Amino acid sequence: MAKITGWAGKMLRVNLTTGAISTVDTMKYKDFIGGAGIGYKIIFDEVPQGTKAYDEANKVVFGVGPLTGTGAPCSGRTNITSLAPTNPYHAVTDSHMGGNFGAYLKFAGWDGIIVEGASNKPVWLRIENDKVTIEDAAHLWGKGTVETSMLLNEEMGKEACIASIGQAGENLINLSSIVNSVNHSAGGHGGILGAKKLKAIGIIGTQAINIAEGKGKDWVDLNAYMMDEIIGANNQHVVPNTPQPWAEFHDSRSRWTAQTALFWGAAKPPVETGECPPGEKNKVGLRTQKAVFDLGPVAEARTIKMGGCHSCPIRCQSNLEVPELEKYGLTRYAASTCINFSSPGSVMLKGYSDGDPKGEVALITKCLGSRLADDYGIWSNYGQLPRDFKYAYTTGKLKEALPKEEYDSIPWDLVESGDPAFLLEFYRRIALKEGEFSHLGDGPYWLAERWKFDEDYWNGNSLWSKMAYPKHHSNESGAQVGVLVNIMFNRDANSHTHQNMIGAGLPTELLREISGEVWGSPDAFDVPQNYTPMNEYKANFAKWSLDRNFLHDSITLCNWVWPMTVSPSKKRNYRGDTALEAKFFSLATGIETSEAELDLAAERISTLHRALTVKNMKTIDMRNQHDTIPTYVFDVDPDKKPFTPGTVKMDKDDMQLALTMLYKAYGWDEKTGAPTRATLEKLGMKDVADELEGLKLLP
Amino acid sequence: MFENEIQDFLEKLRTRREFLKLSGRGIATLTVSAAVLNLFGCSPVGESANVLLTAKGMLISEQNRCVGCQRCEMVCSAINDGKIHPFVSRVKIARNFNYGTEISDNYRNVDGYFGNFLMTPETCKQCQEPKCAGACPVEAISLSETLGAWTIDAKKCVGCGACAEACPWHMPTIDPDTKKSTKCILCGACAENCITGALRIIPWEEVTAILNKNGYRFS
């Protein structure tokens, strides 16, 4: 048998009930690529229908793929698959983290870890290459993620990567995360590790990831080609956000913030981001000054550098020096990105004490909150947690729900005055499960039931559906395409494919031209806020966005940068290279694979995810039970009609047609949106069809 | 004062360059002032850069620019070993990623991602009198005139690890697959592919050109 390359070739199975540790052949699952794909297959095959997230029978699959750890740009992702406690049906979700964990898992010789059963006392999992042991974690229980890591690094060695839960996960808070390397957090499954009493996983790996024989130079050359010609900045924005002599285009919303006289100001000495045109691969890591993008100009002087995940040249994590944090008992160093900065800011629902949303107090607040959330291991549910808090507070539901004594013990004056110290209370009460207040961490569905939220709660507050997640680049992002992406998952759509294209920064006409080449017609791509009715090309765009997302979570690559639909390169006329995943996959695995073949594998994973959702929900009626669309999508701008300029308003019948067209593109039942036997068999999943038939869940 | 610093640097550079030419040997670190670094387009002030003079040129590593992506380790092992194997990479950053060189009680405030985020890529210093070569029981490590670097003859290497042990920075590593030692041969791939220019090799021709352009004579 040829040597396995790309993949490590084996996965680890750990049963916490029996203490049994065994290996699983990865290659049995290679049609599902890795990460999410393998995760879905294992959950589908091995977790009985009706299992709840915190049940002993639930399993957690930490999965990586053939590109993880290989140094392919942005390949430092770990995908975690399990049932979701936030979801009303406990349907399957993925949580995702970057950092070093996934790469180091591969260096230890593993493509994944299947955690099953439950321990009756706190334990942690120690992985040193092939040597795997379950260790006592009594001394770690009750500790935050940072101290847990440090204590395990003292045992294992300073170079080990540790992923752990904080107090929130231990206390079975639904909105809990799993965190590695200080601030790389995966949202939604922390409580499951808590239920299994698995505090942490530590990894030391000293092994190689092999690639196709004799292809070392080709590998570096392919990386260099991508770095020189194809990759842009964060979210694959491919134009700078200011006019620059080399750049034909610019867009003030672009995350390509690098420019002359913009610095990492707290570096010693300061580093100028400067102009970083395509072709200069030694400057790609300077293109995204994310601190300024996330926190405003006030962050420049506090920026030590840009951090990020293993192998990623984009660096979207801001590493900051904020001495004011010492006042709150923390160190002066902070690191985070995007929603994990903005979420604590939203907790301050009356604003900041200096009244400036991009001022110093806002920066201190966001740094303080992100540090607390990462250490406690609290997940914001894509920023929904603070919105739920705001709803409950402003409607008086919170006051009704809390015992008077508890309500009065909360220092509301800190909220009213915009004092960041409120965050110490907010996150502690949730993580330590203190009182009724902590139920904010249940997630929207259970919270709305418990605190008797009005039905109008669901038609606002940025919520998407009763699947208990918020919208994430929906109708405001690509019209029907964004809506279709948002209906698919059992958590917020962590799918950035369509959004990256829309936000790339190139002129709309050029984006439409490129859309025509990728999805069959320029009409796949609507002019922002000037939408057209549904067409088959939009269905292609939506399906492609979803499939690439599932592929990225499986192979693994970061969907916040990939795929490479466009590029910053004028000489390529801004064309990207959508075959790059297949090129890296072929070189890594030695299995020559075309873009179309890899897309078919992605379609298999998407369809398996769908089949698993059907199984979890015990209904084939995905259209009405799962793929629901909030009415505000159709009611916004009452004086405007859908498909007229200046509105993102959608039309109800048109969206039902859009669902039908998406189902059709997938070969799913056009009435219900459930996978058919024919399609499952075409994708090589006869066993899945048989199982669903046995459960009477085939359309 | 800047002028003195630069003249002093030039004097050292000339002598050492001569030595490099005569011996073909690598040269140990040179302390370089801010004014000199500025000449070469490095950060204008501060002490964060290390400079090595090698037969190929000046190798500069700047701590303030290193973002910890670890791509240098990938590139090194892909080019030199045909696989992705950071453990045997000749440039090392992962081992200092979390806590710098050791876990201290003050770990939240010192080097490493758990502290102030800073980390320094370590490179082979191509020592004048290398301890690795001195410790090798089979004389497998010798100076390659063409590469200007101390290199390991894989045919001779018995994988005993004496070189790794002897190196004060433990830069050579025994590859667990081949059972042979690995060490830097100054191929330059890490610097060529560094995403922020934290690692750079400025070839001697370029050093000369930069100096001449700034009105200094160096040849």
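Chain identifiers are assigned alphabetically (A, B, ...) following the order of the sequence lines, protein sequences preceding nucleic acid strands; residue numbering begins at 1 within each chain. Note that the coordinates shown come from a computational prediction; the quantities given were computed from them, not determined experimentally.
Heavy-atom pairs under 4.5 Å with chain B were tallied for G307(A), S311(A), A267(A); the largest tally goes to S311(A). Contacts with chain B were tallied for M150(A), R287(A), K281(A); M150(A) has the most, counting heavy-atom pairs under 4.5 Å. No other option in A94(B), A191(B), G115(B) has as many heavy-atom pairs under 4.5 Å with chain A as G115(B). Contact tally against chain A (heavy-atom pairs below 4.5 Å) for G197(B), P176(B), C194(B), A189(B): the top residue is C194(B). Ranked by non-hydrogen atom pairs under 4.5 Å with chain B, the options Q207(A), E321(A), K215(A), E154(A) are led by Q207(A). Counting heavy-atom pairs closer than 4.5 Å to chain A, the top residue among Q70(B), K83(B), R95(B), E102(B) is Q70(B). Of the listed residues (N109(B), V75(B), N80(B), T173(B)), the greatest number of heavy-atom pairs within a distance under 4.5 Å of chain A belongs to N109(B).
Considering every non-hydrogen atom in both P86(B) and F107(A), the closest pair reads CG-CZ, 3.3 Å. The two residues C66(B) and K305(A) make their nearest non-hydrogen contact at O-NZ, 3.0 Å. Minimum interatomic distance between K268(A) and N64(B) (heavy atoms only, all atoms of both residues): O-CB, 3.6 Å. Here the closest heavy-atom approach between residue W219(A) and residue A78(B) is recorded as CD1-CB, 4.2 Å.
Within the 4.5 angstrom heavy-atom criterion, no atom of T5(A) approaches chain B. For chain A, no part of L199(B) is nearby; none of its heavy atoms comes within less than 4.5 Å. For chain B, the nearby part of A334(A) is the backbone; its heavy atoms alone come within less than 4.5 Å. A588(A) does not touch chain B: none of its heavy atoms, backbone or side chain, sits under 4.5 Å away. Neither the backbone nor the side chain of L330(A) comes within less than 4.5 Å of any heavy atom of chain B. When heavy atoms are compared at a cutoff of 4.5 Å, D218(A) does not approach chain B at all. Looking at D177(B), the atoms closer than 4.5 Å to chain A (heavy atoms on both sides) all sit in the side chain, from C-beta outward. Neither the backbone nor the side chain of A266(A) has a heavy atom closer than 4.5 Å to any heavy atom of chain B. Looking at T101(B), only its backbone comes within 4.5 Å of chain A, counting heavy atoms on both sides. Residue F117(B) touches chain A through both its backbone and its side chain, counting heavy-atom pairs closer than 4.5 Å.
In this structure, the separation between CD1 on I79(B) and CG on D221(A) is 7.0 Å, given to the nearest 0.5 Å. The CD1 atom of I195(B) sits 9.0 Å away from atom CD1 of I231(A), with the distance rounded to the nearest 0.5 Å. To the nearest 0.5 Å, atoms CD1 (I211(A)) and NE2 (H85(B)) are separated by 13.0 Å.
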- Item | R332(A) vs N116(B), side-chain hydrogen bond (donor to acceptor under 3.5 Å, both in side chains): CA-CA, chis, key distance, verdict | CA-CA 8 Å; R332(A) 58 172 55 207; N116(B) 62 18; over 6 Å; no
- Where do T331(A) and F114(B) land on the side chain to side chain contact (heavy atoms under 4.5 Å, CB included) test, with the steps shown first? CA-CA 10 Å; T331(A) 67; F114(B) 281 72; over 6 Å; no
- Verdict with supporting geometry, N193(B) and V220(A), side chain to side chain contact (heavy atoms under 4.5 Å, CB included): CA-CA 9 Å; N193(B) 290 282; V220(A) 174; 3.9 Å; yes
- K92(B)/E159(A) under side chain to side chain contact (heavy atoms under 4.5 Å, CB included): CA gap, chis, key distance, verdict: CA-CA 12 Å; K92(B) 298 195 184 293; E159(A) 67 273 34; over 6 Å; no
- Task: Applying side-chain hydrogen bond (donor to acceptor under 3.5 Å, both in side chains), run through N183(A) and Y113(B) and close with a yes or a no.
- Result: CA-CA 10 Å; N183(A) 63 297; Y113(B) 202 77; 2.9 Å; yes
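Looking at heavy atoms from C-beta onward, E147(A) lies out of side-chain contact with R108(B) at the 4.5 angstrom threshold. Between N98(B) and K158(A), every side-chain heavy-atom pair lies at or beyond the 4.5 Å cut-off. Contact check for R71(B) versus C312(A): no side-chain heavy atoms found under the 4.5 Å cut-off.
Heavy-atom neighbours of K180(B) NZ from other residues, nucleotides or ligands within 6.0 Å: above the threshold of 12.
T196(B) pairs in a side-chain contact (heavy atoms from CB on, under 4.5 Å) with only one of the listed residues (T273(A), N282(A), V271(A), L286(A)), which is L286(A).
In terms of modelled atom types and a separation under 3.5 Å, the side chain of R315(A) and the main chain of V67(B) share a donor-acceptor contact.
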